[in-house]
There are 2 protein chains.
Amino acid sequence: MAVTMRDVAKAAGVSPASVSFALRGDPRIKQETARHIIDVANRMNYSVNITAKSLRSGRTGVIEAAVFQLDRPFYAQLLAGVSNAAFDRGIQAVAQQISTGKVGHEKSILEKVANKFCDGVILSAGGLSDAEIIELSRGKPVVLLDDQSYQGPFDSVFTPCENGAEAAVTHLFEIGCERVGLVGTDFMPADQARRSMHVGDRRLIGCHRAFERHERTLTKADTIQLFDWDTDDAYRAVSRRIEEGDFPFDGLFCMTDAIAFGTLRALREHGIGVPDDVAVIGFDGVREGSYSAPTLSTIAVDIDKLAREAVDILCERIEEGRYGAPAMPKHVTVGYEVLVRESSNRTR
Amino acid sequence: MAVTMRDVAKAAGVSPASVSFALRGDPRIKQETARHIIDVANRMNYSVNITAKSLRSGRTGVIEAAVFQLDRPFYAQLLAGVSNAAFDRGIQAVAQQISTGKVGHEKSILEKVANKFCDGVILSAGGLSDAEIIELSRGKPVVLLDDQSYQGPFDSVFTPCENGAEAAVTHLFEIGCERVGLVGTDFMPADQARRSMHVGDRRLIGCHRAFERHERTLTKADTIQLFDWDTDDAYRAVSRRIEEGDFPFDGLFCMTDAIAFGTLRALREHGIGVPDDVAVIGFDGVREGSYSAPTLSTIAVDIDKLAREAVDILCERIEEGRYGAPAMPKHVTVGYEVLVRESSNRTR
DNA sequence: TTGAAAGCGCTAACAC
DNA sequence: GTGTTAGCGCTTTCAA
């Protein structure tokens with residue numbers, strides 16, 4: 001078996017406690033002794049058993065970020081940001097996938113999310129109720145990403161759904177689009193959307209606002225619904241609409257960049273020019289957008305900030321030793337930038 | 001604090017041991033008692049403390065996949081595959097990022113990779129020596145991804161570097177390319193490449209073979225070097241070569257799809273038509289390739305198989321209770337498919 | 001069929 | 001300054 005603290009203590013001729021203190025740089029131990037102990041430990045290739053350490057101390061120094069799919073660019077970039085932020089704070093971040101892609105699997109993975117080997121969780125939990133989240137977190141701090149309940153009981157970080165969407169649609173109107181369509185949202189009236197707090201619905205609110213400002217009314221006919229917010233789905237849905245001849249749009253706001261990529265492909269395959277026939281803008285600002293053809297205009301969310309905020313809040317709660325939902329939950333929304341690239345650039 | 005097994009035992013009027021057995025469905029406990037215990041546990045919202053459990057049992061039920069960057073599509077898709085494979089086996093997989101993107105950070109993160117909270121590690125460790133890997137793994141099973149030492153002492157899964165690259169270059173010759181260039185590899189003669197076992201060099205070996213078969217000689221002039229295997233770097237390097245007028249190619253094999261995306265952009269911005277002026281093929285088969293414009297021909301690696309093999313081997317070693325490098329390391333190379341899409345389709 | 005008790009390797013009072 | 005000791009919450013003999 002691996003070498004334990006006892007072994008090191010014996011070899012160094014001290015007690016296990018001294019080894020523990022020395023290794024963690026506790027000033028109680030004399031410099032000289034400490035150095036000797038560390039030396040012996042290194043020579044024996046000792047490393048602490050994190051399991052035992054955290055059983056005793058109640059901390060693991062690990063935070064977990066749980067998202068539906070590791071292989072969606074937005075999540076992947078967010079996770080990279082979380083890892084970097086954690087690194088800067090000297091803690092370890094791990095990522096976990098919640099979904100298997102197949103329906104019905106979510107829950108059983110989620111049950112493992114809240115396992116005790118991490119000190120806290122950043123969770124993209126779309127669709128879970130507050131009660132479920134509380135149950136799953138089992139007393140550990142949680143920071144939600146784009147939490148549905150918005151002003152709910154949990155610490156949360158948000159993408160700038162309403163303002164970002166409003167800016168996107170406004171941009172399309174400003175470059176001269178007359179018929180703006182939305183890809184990836186179910187239509188509902190503004191007041192209903194204001195009650196629902198799904199990400200898609202929150203972005204829809206922004207769209208409603210932009211339409212109103214430009215003295216138009218957003219209707220169901222202006223939306224292209226998707227089952228799933230992914231590239232394939234968007235490709236199929238947009239293709240179908242074009243083929244059905246039900247495609248009067250000269251501007252499209254896609255709820256995510258992934259959706260936009262599928263949309264661009266559908267347009268291209270049907271000989272529709274971007275941006276001249278149809279201008280396209282996405283939402284997220286994933287790096288891939290600068291490599292698509294045409295390059296993708298987008299509401300570039302400050303993904304790195306989002307990650308840092310989430311880690312900061314989580315670490316704070318862990319420090320506080322809080323359990324369960326915090327008394328005063330924090331709600332942070334990060335900024336965005338309207339990134340105009342080829343897909344909506346009509347000035348040239 | 002959270003509810004412990006003791007609490008449950010007390011509430012159910014049994015001993016902690018019985019709770020432990022009942023919860024894990026040990027047949028020793030009478031059906032009726034077990035049901036009662038489970039009932040009480042649920043009512044109390046009990047969940048086992050995985051830290052204590054694994055201190056005692058020596059297992060955590062968690063495997064870790066450590067890669068350089070979470071936000072590179074190939075890794076992201078591999079990690080998703082690892083998660084799914086682990087899920088199917090009833091264990092938990094977490095992903096960890098090794099690099100922060102900044103140089104010099106790798107090592108200190110790596111030191112945490114081998115922390116004791118997981119039973120084994122799938123590691124994409126490019127650049128580490130065998131000794132370092134052994135030290136880092138600290139007695140836990142490791143499966144390497146595209147291990148440099150190839151026939152080395154570790155269990156490893158490999159992408160089909162040589163054959164895949166040979167197939168890629170052969171494809172370019174077959175569609176009529178006269179001047180095939182390689183993006184993302186440092187030139188070296190075939191025999192030298194055969195000694196180096198970097199992924200790039202192994203792919204280069206396949207290129208050498210394809211050139212020989214077609215009675216050509218691969219030289220340094222046929223390669224475009226990159227510092228980093230990423231999209232931005234490829235974009236810059238290819239752009240520079242075009243601008244310098246040092247770009248005689250009519251076919252390009254990019255060492256990864258990510259490189260190919262940057263290459264496509266550079267070609268497009270310089271008005272070079274793909275596939276007519278230059279045919280392009282990548283390597284990996286990431287999903288993004290079917291959404292680029294033009295869509296990307298590629299050596300589509302069976303990423304899912306790669307993930308499953310890695311998980312299978314790792315779980316086997318964990319079962320065996322092996323420590324350190326295995327006596328008979330397994331080396332598995334997965335298959336590929338030459339996926340001809342628009343970027344190299346000259347038949348239309 | 002169940003309970004008592006001995007640790008897994010570590011940390012943190014408290015003694016010396 | 002350093003050692004002793006009592007657990008952290010669980011699993012697993014062994015005894016009842």
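Reminder, nothing fancy here: chain letters follow the sequence lines and each chain counts from 1. Quantities reported herein were computed from a predicted structural model and do not represent experimental measurements.
Contact annotation for A:Ile29: backbone-only contact, meaning every heavy-atom pair under 4.0 Å involves sugar-phosphate atoms and none involves a base.
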Without placing hydrogens or testing angles, list every side-chain donor-acceptor pair under 3.5 Å for residues 5-12 of chain B, not counting sequence neighbours.
from, atom 1, to, atom 2, distance (Å)
B:Asp7, OD2, B:Thr4, N, 2.8
B:Asp7, OD2, B:Thr4, OG1, 3.4

Donor-acceptor pairs are to be reported for all side-chain atoms of residues 20-30 of chain B against protein atoms at under 3.5 Å, with residues two or more places apart or in another chain.
from, atom 1, to, atom 2, distance (Å)
B:Ser20, OG, B:Arg24, NH2, 2.8
B:Arg24, NE, B:Ser20, O, 3.3
B:Asp26, OD1, B:Arg28, N, 2.9
B:Asp26, OD1, B:Arg28, NE, 3.0
B:Asp26, OD2, B:Arg28, NE, 3.4
B:Asp26, OD2, B:Arg28, NH2, 3.1

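The stretch residues 6-23 of chain A touches DNA chain C through A:Ala17, A:Ser20, A:Phe21, each having a heavy atom within less than 4.0 Å of the strand.
D:dC10 atom C1' lies 14 Å from atom CG of A:Asn49, rounded to whole Å. Nucleotide C:dG7 holds its C1' atom 14 Å from the CE atom of B:Met5, rounded to whole Å. To the nearest angstrom, P of D:dT2 lies 13 Å from CZ of A:Arg35. Atom OH in A:Tyr46 sits roughly 7 Å away from atom C1' in C:dG9 (whole-Å rounding). The CD1-C1' distance, from A:Ile50 to D:dC8, rounds to 15 Å in whole Å. Between A:Leu55 atom CG and C:dG7 atom C1' the separation is 12 Å, expressed in whole Å. Taking atom CD1 of B:Ile37 as the reference point, atom C1' of C:dT2 lies 9 Å away to the nearest angstrom. Note: CZ (A:Arg24) to P (D:dT2) measures 15 Å, nearest angstrom.
A sub-4.0 Å separation between OP1 or OP2 of D:dG9 and a side-chain N or O of A:Arg56 is absent. At the phosphate of D:dT2, OP1 or OP2 sits under 4.0 Å from a side-chain N or O atom of A:Thr33. Between A:Lys30 and D:dG1 there is no side-chain N or O to OP1 or OP2 distance below 4.0 Å.
Residues satisfying the side chain to side chain contact (heavy atoms under 4.5 Å, CB included) test with B:Arg35, not counting sequence neighbours, are B:Gln31. By the side chain to side chain contact (heavy atoms under 4.5 Å, CB included) test, B:Asn42 is found to be paired with B:Ile38, residues two or more places apart in sequence or in another chain being considered. Legend: residues meeting side chain to side chain contact (heavy atoms under 4.5 Å, CB included) with B:Arg72, ordered by chain and number and at least two apart, are B:Gln69, B:Tyr75, B:Asp228, B:Trp229, B:Asp230.
When the nucleotides C:dT11, C:dT2, D:dC10 are ranked by their closest atom to the side chain of B:Arg28, C:dT2 comes out on top.
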| request: Show your working on side chain to side chain contact (heavy atoms under 4.5 Å, CB included) between B:Ser18 and B:Ile37 and close with a plain yes or no. | output: CA-CA 8 Å; B:Ser18 298; B:Ile37 292 173; 4.2 Å; yes

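Along DNA chain C, the nucleotide nearest A:Ala52 and the nucleotide nearest B:Ala34 are compared for position; the residue whose nucleotide lies closer to the 5' end is B:Ala34.
Under 3.5 Å, the side chains of B:Gln97 and A:Asn84 contain a donor-acceptor pair of N or O atoms.
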